Amino acid sequence: MANLKINDQAPAFELKDQNGKMIKLSDYAGKSNIVLFFYPADYSPGCTAEACAFRDNYDVFKENGAEVIGISMQNENSHKGFITKHGLQFQLLVDENGKTAEAYGIGKLLGLLPGRVTFVIDKAGVIKNIFSSQIDMNKHVTEAIKIIKEIKGN
């Protein structure tokens, strides 16, 4: 498991989105900052609250030059239904085997539940913030907004 820190290069990934399209971190290089949030599961109460908080602040992220991307182990159909049910404007990527979560050092709570960790990655692919909390879903969003605004201001 990786032990990533701020100012480390973000690990590359290539995963399918909810529509089966392959998405790579490198697709955003030089174009957009990324708010990459790993979450345990579609439809769970905490994950729904977190995804909806990102949805409700999506315009703030876009205005500040950032794209929001969620990653969990559910399949395309689950992600598609979750997006539709909650009106999410961002992509959800499928990490079925958990390899991307492992590359990002996402552990499991009590050895069972995948962790809830948000990374802010700049246009150069450098990690600018890491926030981990299983229970403070809204803080994932407020921390990410703060860092995205700082990046834009530089």
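This is a predicted model, so every value here is computed, not measured.
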### Task
Would you please test Phe61 and Ile148 for side chain to side chain contact (heavy atoms under 4.5 Å, CB included) and show each step?
CA-CA 7 Å; Phe61 289 110; Ile148 287 298; 4.3 Å; yes

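Ile151 has its side chain within reach of Lys128: a pair of non-hydrogen atoms, C-beta onward, lies under 4.5 Å apart. Between Ile34 and Val120, every side-chain heavy-atom pair lies at or beyond the 4.5 Å cut-off. Asn19 is not listed as a side-chain neighbour of Glu76, based on a closest heavy-atom distance of 4.5 Å or more.
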May I have the list of side-chain donor-acceptor pairs in residues 137-146 shorter than 3.5 Å, sequence neighbours left out?
{"unit_1": "His140", "atom_1": "ND1", "unit_2": "Thr118", "atom_2": "OG1", "d": "2.7"}
{"unit_1": "His140", "atom_1": "NE2", "unit_2": "Ser133", "atom_2": "O", "d": "2.8"}
{"unit_1": "Thr142", "atom_1": "OG1", "unit_2": "Lys139", "atom_2": "O", "d": "3.3"}

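Relative ring orientation between Tyr43 and Phe82 is described as perpendicular, the plane-to-plane angle rising above 60° on a 0-90° scale split at 30° and 60°.
Once rounded to the nearest 0.5 Å, the distance linking CD of Glu50 with OH of Tyr39 reads 9.0 Å. Here the straight-line distance linking atom CG of Leu25 with atom CD1 of Ile69 works out to 7.5 Å at 0.5 Å rounding. To the nearest 0.5 Å, atoms CG (Asp95) and OG1 (Thr100) are separated by 4.0 Å. Between atom CG of residue Leu93 and atom CE of residue Met22 there is a gap of 9.5 Å, rounded to the nearest 0.5 Å.
Under the 4.5 Å side-chain contact rule for hydrophobic residues, Leu15 and Met73 do not share a cluster.
In terms of modelled atom types and a separation under 3.5 Å, the side chain of Gln74 and the main chain of Asp42 share a donor-acceptor contact. The closest donor-acceptor contact from the side chain of Asp17 to the backbone of Gln91 lies at 3.5 Å or more, if one exists at all.
In summary, of the residues considered (Phe131, Phe90, Phe119), a ring pair (Phe, Tyr, Trp, His ring centres under 6.0 Å) with Phe37 occurs for Phe90 alone.
Residues meeting the side-chain hydrogen bond (donor to acceptor under 3.5 Å, both in side chains) test with Asn57, sequence neighbours left out: none. Contacts of Asp59 classified as side-chain hydrogen bond (donor to acceptor under 3.5 Å, both in side chains), with partners at least two apart in sequence or in another chain: none.
Glu67 and Lys62 are joined by a salt bridge, as a carboxylate oxygen and a charged side-chain nitrogen come within less than 4.0 angstrom of each other.
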